[in-house]
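Notes follow the structure.
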Amino acid sequence: MSQQRAAAYLRHGQTPFFRLPTAAFQESGASAYAGADAVILGVPWDGSVTYRPGTRFAPYELRRVSALVQSYHPGHRVDVFRTLTVLDGGNVPFPPFHADSVREQVQASVDEVLSAGAIPFVVGGDHSIALPVLRALSRRHGPVAVVHVDAHLDTSTSEVWGEPFHHGTPFRNAIDEGLIGRGDLHQVGVRATWGHPEEGAFAAHAGATLYSMDRIDWDGAPAVAAAIKAAVGEAPVHVSFDIDGIDPAYAPGTGTPVPGGLSAREAIQLLRGLAGINLVGMDLVEVCPALDHADITLHLGAHLLFEGLALAAMKKGNLSVGQSVRQSAQGQGGQNASQSASPSALSARRT
């Protein structure tokens, strides 16, 4: 299902993700998702943060800037929104005062997407929403593999705050509940300081693999992606992307920034290198618009979400990253696309 044309998007004044059609959920219920390959859900919740709030506004602002992202992926040589039928499923409704209700509603909403045979792309909101997403995915697929991009381990306990469910605990809870297969947690970009020497032991005992920033510096993001892809094989994979995995120089709009993270280019290389995985879900979390500058975090977040959708398109088209690279080279005839296109063609592409 293709994007709306720019003029039509401007005329109706609504702001769906990527200028996509919206699901008529209020009129049709979950049947509004029938025939969709992917559904994007917003979760405007930040009641589980431990530092600066504001991520509840990210689904609205990411919708706004995503209008600038066009459908064709020149790296993978795939038209994402013509290959996939993607719907904006709106926001998950919940009372903004009760975290238990939020988890229940998020899980139920993701269940509805999965029941329609679609892949859920969930836009937070804080990282606590990853737990109910994984609960829904595990009910459908069994224990899943997780690619977790983050500055933090997110395997904390209730020791500090007296609360077992917050944005620093989702993967401890997911491991404890058996939602992630043993050895199937891949944590990328973790670099935050620890409160005690044993803080990394929990995930390590569960067989998690940690891809530190040092390893990314040494090997490069494409090599790390290749290692993850080889490790997960055909297993169902959920990508959980905390924007603070990115260095705050590239993504200042987040509540718990940590210096020394991924560059924007490395983050995109990482996701592109996962082409061919059995993607069953993705969440993008911790974008805080009020702390952003000139929308740079929002633009990056929209492109990361698009890269995830491109992975789903590659899966549906049964394309691997090797195939897409070869097709790209053949399509460009060894030239840079901007060099081989006329100025008038380049101007037309911007619309």
Side-chain angles (χ1 to χ4, degrees), residues 1-26 32-33 36-46 53-73 80-81 84-94 96 102 105-106 109-110 112-113 118-127 129 133 239 241-243 246 251-255 264 268 271 281-310 312-313 350-351:
M1 189 174 294
S2 60
Q3 293 178 295
Q4 301 168 47
R5 294 181 64 84
Y9 170 81
L10 290 172
R11 177 65 181 88
H12 62 59
Q14 306 303 308
T15 54
F17 280 110
F18 302 107
R19 292 182 273 130
L20 292 167
T22 56
F25 193 85
Q26 290 185 319
Y33 301 150
D37 297 303
V39 175
I40 310 174
L41 294 173
V43 183
W45 167 256
D46 60 10
T55 62
R56 70 178 64 188
F57 300 108
Y60 305 100
E61 298 298 327
L62 282 163
R63 283 184 172 96
R64 174 176 60 81
V65 301
S66 72
L68 295 176
V69 180
Q70 300 189 85
S71 181
Y72 190 75
H73 194 298
V80 173
F81 298 130
L84 297 176
T85 297
V86 187
L87 297 174
D88 184 334
N91 294 329
V92 178
F94 45 75
V102 174
Q105 292 301 319
V106 171
S109 295
V110 174
E112 289 169 337
V113 173
I119 299 173
F121 286 79
V122 185
V123 180
D126 69 51
H127 215 158
I129 69 169
V133 173
V239 174
F241 206 116
D242 187 325
I243 202 70
I246 310 294
T254 191
I268 290 170
L271 291 180
M282 179 177 180
D283 65 68
L284 175 70
V285 295
E286 300 289 348
V287 174
C288 188
L291 300 173
D292 203 6
H293 300 286
D295 289 345
I296 62 173
T297 310
L298 289 166
H299 284 293
L300 176 56
H303 278 268
L304 294 174
L305 188 60
F306 179 73
E307 292 293 337
L309 289 161
R350 296 190 188 102
T351 60

*Within a strict 4.5 Å, meaning less than it, do heavy atoms of the I40 and L20 side chains meet?*
yes
*Decide yes or no for F17 and V86: does some side-chain heavy atom of the first lie under 4.5 Å from some side-chain heavy atom of the second?*
no
*Interatomic distance, F121 atom CZ to L305 atom CG [nearest 0.5 angstrom]*: 7.0 Å
*asked:* Keeping D46 on the side-chain end and T55 on the backbone end, is there a donor-acceptor pair under 3.5 Å?
replied: yes
*Would you say Q105's side chain and V92's backbone share a donor-acceptor pair under 3.5 angstrom?*
no
_Within the structure provided, determine whether T254 and T297 are in side-chain contact (heavy-atom separation under 4.5 Å)._
no
*Check whether any side-chain heavy atom of F81 lies under 4.5 Å from a side-chain heavy atom of R19, and answer yes or no.*
no
*With E61, which residues qualify under salt bridge (Lys or Arg N to Asp or Glu O under 4.0 Å), at least two apart?*
R64
*Identify the heavy atoms of G124 and I129 that sit nearest to each other, and give their distance.*
CA-CD1, 3.7 Å
*Do D126 and E286 touch side chain to side chain, with heavy atoms closer than 4.5 Å?*
yes
_Using every non-hydrogen atom in the two residues, find where G54 and P289 come nearest and quote the distance to one decimal._
O-CD, 3.6 Å
*Step by step, work out the side-chain contact (heavy atoms from CB on, under 4.5 Å) result for F18 and V80.*
CA-CA 11 Å; F18 302 107; V80 173; over 6 Å; no
*asked:* Which heavy atom of A36 sits nearest to which heavy atom of A118, and what is that distance?
replied: O-CB, 3.4 Å
_Step-by-step side-chain contact (heavy atoms from CB on, under 4.5 Å) determination, V43 to F94_ = CA-CA 9 Å; V43 183; F94 45 75; 3.8 Å; yes
_Distance-minimising heavy-atom pair for A23 and G89_ = CB-CA, 4.2 Å
*How many angstroms lie between OH in Y33 and CG in L41, if you round to the nearest 0.5 Å?*
5.0 Å
*Starting at CG of L271, measure out to CZ of F306 and round the result to the nearest 0.5 Å.*
12.0 Å
_Residues that D88 engages under salt bridge (Lys or Arg N to Asp or Glu O under 4.0 Å), provided they are two or more places apart_ = R63
*Of all the heavy-atom pairs spanning L62 and G301, show the shortest one and how long it is.*
CD2-C, 4.0 Å
*Determine the sole option in I246, V287, D283 for which the side-chain contact (heavy atoms from CB on, under 4.5 Å) test with F241 is passed.*
I246
_If you apply the rule side-chain contact (heavy atoms from CB on, under 4.5 Å), what do you find for L300 with L304, and how did you get there?_
CA-CA 6 Å; L300 176 56; L304 294 174; 4.1 Å; yes
*For G125 and P59, which heavy atoms make the closest approach, and how far apart are they?*
N-CD, 4.2 Å
*Calculate, to the nearest 0.5 Å, the distance between atoms NE2 and CG belonging to H127 and L284 respectively.*
9.5 Å
